[in-house]
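If you're wondering where the values come from, they're calculated on a predicted model, not measured in any experiment. Residues take their numbers from the sequence shown, with the count starting at 1.
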Amino acid sequence: MCGVIGLVGKGNVNQALYDGLTVLQHRGQDAAGIVTCDNNKLYLRKDNGLVRDVFATEHMLNLHGNMGVGHVRYPTAGCSSSAEAQPFYVNSPYGITLAHNGNLTNAEDLKRDLYKEDLRHMNTDSDSEVLLNVFAHELQIWGKLKIDHNDIFHAVTAVHNRSRGAYAVVAMITGYGIVGFRDPQGIRPIVYGKRETKNGTEYMIASESVALDVLGFDLIGDIEPGEAVFISLDGTLHKKQCATNPTYSTCIFEYVYLARPDSIIDDVLVYKARLRMGESLARKIKREWADRDIDVVIPIPDTSRTSALQLANELGVLYREGFIKNRYIGRTFIMPGQKQRKKSVRQKLNAIDLEFKDKNVLLVDDSIVRGTTSQQIIQMARDAGAKKVYFASASPAIRYANVYGIDMPAKTELIAYGRTDEQVAEAIGADKVIYQDLADLMQSVRKRNPELVDFDTSVFDGRYVTGDVDDAYFARLEEIRNDSAKAKRNSQNADIIEIHNASK
């Protein structure tokens, strides 16, 4: 999960890109980057850290130009290295910068082919750099001195033919404009919109519609699965379907947790979908837990609030805010290591004893992944005086790894893997665990848009929509994604930085 943004304006776009990235900060807290273009010259700033920390005034003043792209990074298979901060750049052909959200499942095969057949060198382990070089090669293959939107769409078609996995992309072609495109399954979200200014029409592409809203852009719509949208330097918009058999298989976890509630993804307001998740979960509780003794419903802030409030209303049970969140601690789900996640939970949440003392409490969260956070929160509730602590998840049990750009680790690190609901409850210290049913979750989302006949639900059911994931892939994924492997890579990277600094 990352956040991407692209903008073609009628004046300097540096501030708008910065503001847009701050709105998308929830999609990645590891690194941030912006590249702008002015008179065919590129200006780049990227580094590890939050948007507010990466861009100082001196950096913003150097980001000249009326078009640019930006990125906030959340590491999955890669490491927390500034070398993998995006956007990435390749000088041939034309000078292309690219920002990518998702994960390629055939990145290693592509990397090998790019070296042996296309004679292209990769400088990082990032699949985003692989995707950039595939796009660049397909744009260069015709050997044209000048290109138009049709050439760009041909290149996107070739990317679809060669690449597998999830990718929502914005790419800037120096001297030409910005292109946005989405994989044929539409796994990761991407939207585009426009705003009218006194100097003409400006266009913007972003991971979520909320970035457009904040900057005063009107949402035109989603870039559809397999579709590409190109905005030229003069502000002309072109779009084309570039995939042969596109299908909607949006990642359903976007609606559960990843996206902001005020975003619209594939014509579905995330907030409304979460309301319906609360309703359906309440119906399940009524149906399967007749002798329930819940005194109060308390959400785990912030993502579960919407579902928890609706659940409480449906059950006719008191709703209370029992945890106060420290706004200056990042999202624990996307912390790069298990030790850091454990440490940050107590720093992030503090219980209000009054709401727990001598009560049977139903805690509601969006999901249970590793179980570490849930376990600590349940213990906090008990320490605050709760008699019984029940735990409800707005999504089904997560039992499988994610391969499309979310850092849900090796399945052996998932608390629900190989466990029944009762065993999960015991492992996290709850008196009872209640999960959402997958069919209800899917209906909660698709009710607004019947075209969403399918979703990427792989973390719940092990069904991978790209059809190219096998045991060998998972063996390699487990090797590079478990926390110990990441710690080793980050340690090696720190040693390299230390050596570099010492040699200055």
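Around atom NZ of K357, no more than 12 heavy atoms belonging to other residues, nucleotides or ligands sit under 6.0 Å away.
The side-chain heavy atoms of D267 and E451, taken from C-beta on, include no pair separated by under 4.5 Å.
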Assess the residue pair Q86 and S128 against the criterion (side chain to side chain donor-acceptor pair (under 3.5 Å)); give the C-alpha distance rounded to whole Å, side-chain angles, the decisive distance to 0.1 Å, and a yes or no. CA-CA 8 Å; Q86 297 185 40; S128 303; 2.8 Å; yes
What verdict does the side chain to side chain donor-acceptor pair (under 3.5 Å) test give for Q443 and S280, after you've listed the backbone C-alpha separation in whole Å, the side-chain angles of each residue and the deciding distance to 0.1 Å? CA-CA 9 Å; Q443 185 57 30; S280 59; over 6 Å; no
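Listed by first then second residue, pairs satisfying salt bridge (Lys or Arg N to Asp or Glu O under 4.0 Å) with a partner in residues 205-227 read R27-E208, not counting sequence neighbours.
Every side chain to side chain contact (heavy atoms under 4.5 Å, CB included) that K432 has, sequence neighbours left out, goes to W289, Y390, I434. For R399, the side chain to side chain contact (heavy atoms under 4.5 Å, CB included) partners are A397, A416, D421, not counting sequence neighbours.
Salt-bridge check for E129 with K111: failed, with every basic side-chain N at 4.0 Å or more from each acidic carboxylate O. At a threshold of 4.0 Å, the pair E84-R73 counts as salt-bridged, since one of the basic side-chain nitrogens sits closer than that to a carboxylate oxygen.
Using a 3.5 Å distance cut-off with no hydrogens or angles, the side chains of Y464 and T105 do not pair a donor with an acceptor. Using a 3.5 Å distance cut-off with no hydrogens or angles, the side chains of D266 and T250 do pair a donor with an acceptor.
Aromatic ring centres of F181 and F135 lie closer together than 6.0 Å. With ring centers used as reference points, Y167 lies under 6.0 Å from H160.
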